[in-house]
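Report on the following structure.
Heads up: numbering here begins at 1 and tracks the sequence. Any value given below was found using the heavy atoms of this structure, including those in side chains, with hydrogens, waters and symmetry copies removed.
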Amino acid sequence: VSVHKNNIVVGIATMNSRKNSLAKVLQSLNNQTIKPNKIVIYNNDENDFNATDNGKFYGLKECDDNTFYFSMDDDIFYPKTYIEDMIKAIEKYNCIVTHHGRILKGLDLHYYRGHKSYACLHDNNYEGQIDVAGTGVTAFHTSYFKPTNIFESEYKRMSDCIFSLEASKNQKDIIILKHKTGYLQDICDDVVNSCHRLESIQPTKQIEVCNEIYKLKKK
């Protein structure tokens, strides 16, 4: 197992109904070629404050500016080279890197159907800048970006949007990486409570935040 000169912290938001899939995520992290120094799990069911998926950024509060921070989901099985691959990409591009996201196509468009989307579970042959990162498969160095305020955001179940808005406000680039189908695997055993299922019918708040991002990008 390799040791990196920088601190490596993983942040995961979860709930009690995701215990089985979370155990598989932790198994995938235990098998990494470069292991994290710390895994911060924020269980919304066991804390007074329900941060929803923003809980994956709780661990940022205790990070110094010499940390690789990985925001991960509790329902994705990560390949054993994931942390190593992401660190190499961060060092190559010197920005935020991800395996999922969107290029915004305009104002007032449906969040899930109106923009150019790149999925983490399927082939992606595009490697370049995007506007919205999928925060379940995102990493960055805290010397470049450290959005500690996201954890307490008033916007719930939409950390991709608020993370990316904060990046846009601070003029931070997001690069999506190429990958093949199967590189990341869905292990969700609690579809009913997924953010996508709960928000996809009427994603009004996502549209509002994406409008802000789009306007900032066009300045």
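Distance NE2/H115 to NE2/H110: 9.5 Å, rounded to 0.5 Å. Here the CD1-CD1 distance, from I96 to I176, works out to 13.0 Å after rounding to the nearest 0.5 Å. Note that CD of Q129 and NZ of K217 are 6.5 Å apart. Values are rounded to the nearest 0.5 Å. To the nearest 0.5 Å, the span separating CG on D74 from CD1 on I12 amounts to 7.5 Å. In this structure, the separation between OG1 on T148 and CD on E62 is 12.0 Å, given to the nearest 0.5 Å. The structure places NZ of K178 at 6.5 Å from CG of N125, a figure rounded to the nearest 0.5 Å.
Using a 4.5 Å heavy-atom threshold, the side chains of N31 and Y78 count as separate. Using a 4.5 Å cut-off on side-chain heavy atoms (C-beta onward), Y69 and C63 make contact. The shortest distance between side-chain heavy atoms of S21 and C188 does not fall below 4.5 Å. The closest side-chain heavy-atom distance from N30 to L26 is not below 4.5 Å. Side-chain atoms of H179 and D123, non-hydrogen and from C-beta on, never get closer than 4.5 Å to each other. Under the 4.5 Å side-chain criterion, counting only non-hydrogen atoms from C-beta, Y183 is in contact with H99. Between L177 and M86 the shortest side-chain heavy-atom distance falls below 4.5 Å. No side-chain heavy atom of N20 sits less than 4.5 Å from a side-chain heavy atom of K24.
No donor-acceptor contact under 3.5 angstrom links the side chains of D65 and S143, judged on distance only. Using modelled atom types and a 3.5 Å distance limit, the side chains of N66 and N7 yield no donor-acceptor pair. No hydrogens or angles considered: a donor-acceptor pair under 3.5 Å links the side chains of T67 and D64.
Between I174 and S164, the closest heavy-atom pair is CD1-OG, 4.0 Å. When all heavy atoms are compared, the tightest approach of I213 to C161 is CD1-O, 3.7 Å. T33 and T81 get closest at one heavy-atom pair: OG1-CA, 3.9 Å. Of all heavy-atom pairs between D45 and S17, the closest is OD2-N, 4.4 Å. Closest approach of L121 and T181 over heavy atoms only: O-CG2, 3.5 Å. Nearest heavy atom pair, residue I130 against residue R102, reads CB-O, 3.5 Å.
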- [ ] Assess whether side-chain contact (heavy atoms from CB on, under 4.5 Å) is satisfied between Y118 and I103, documenting all intermediate values.
- [x] CA-CA 9 Å; Y118 301 92; I103 293 177; 3.6 Å; yes
(request) I would like to know whether K116 and Y126 meet side-chain contact (heavy atoms from CB on, under 4.5 Å); could you show each step before the answer? (result) CA-CA 12 Å; K116 177 62 178 176; Y126 170 67; over 6 Å; no
Stepwise, does the side-chain contact (heavy atoms from CB on, under 4.5 Å) test hold for D173 with F145?
CA-CA 10 Å; D173 292 331; F145 189 46; over 6 Å; no
- [ ] Any chance you could lay out the side-chain hydrogen bond (donor to acceptor under 3.5 Å, both in side chains) test for T135 and D160, step after step, and finish with the verdict?
- [x] CA-CA 5 Å; T135 54; D160 294 2; 2.6 Å; yes
*Run the side-chain contact (heavy atoms from CB on, under 4.5 Å) check on L29 and M72 step by step: do they pass?*
CA-CA 10 Å; L29 291 175; M72 292 185 169; 3.6 Å; yes
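For Y214, the ring pair (Phe, Tyr, Trp, His ring centres under 6.0 Å) criterion is met by no residue, not counting sequence neighbours. Not counting sequence neighbours, Y155 has no partner by the ring pair (Phe, Tyr, Trp, His ring centres under 6.0 Å) test.
One N or O on the side chain of T98 and one on the backbone of G134 form a donor-acceptor pair closer than 3.5 Å. A donor-acceptor pair under 3.5 Å is formed between the side chain of D53 and the backbone N or O of R157. Of the possible donor and acceptor atoms, one in the side chain of Q32 sits under 3.5 Å from a partner among the backbone N and O of Y82. N50 places no side-chain N or O within 3.5 Å of a backbone atom of N44 that could act as its donor or acceptor partner. At distances below 3.5 Å, not a single donor-acceptor pair connects side-chain atoms of N54 with backbone N or O atoms of K156.
Y144 carries K172 over the face of its six-membered ring, with the cationic atom under 6.0 Å from the centre and within 45° of the normal.
For K56 and D73, the salt-bridge test passes: some basic side-chain N is under 4.0 Å from an acidic carboxylate O. Between K61 and E152 there is a salt bridge, since at least one side-chain N of the basic residue sits less than 4.0 Å from a carboxylate O of the acidic one.
Residues L165 and L109 do not share a hydrophobic cluster, defined by chaining ILVMFWY side chains whose heavy atoms lie under 4.5 Å apart.
When each of Y58, F163, F57 is checked for a ring pair (Phe, Tyr, Trp, His ring centres under 6.0 Å) with F151, only Y58 meets the rule.
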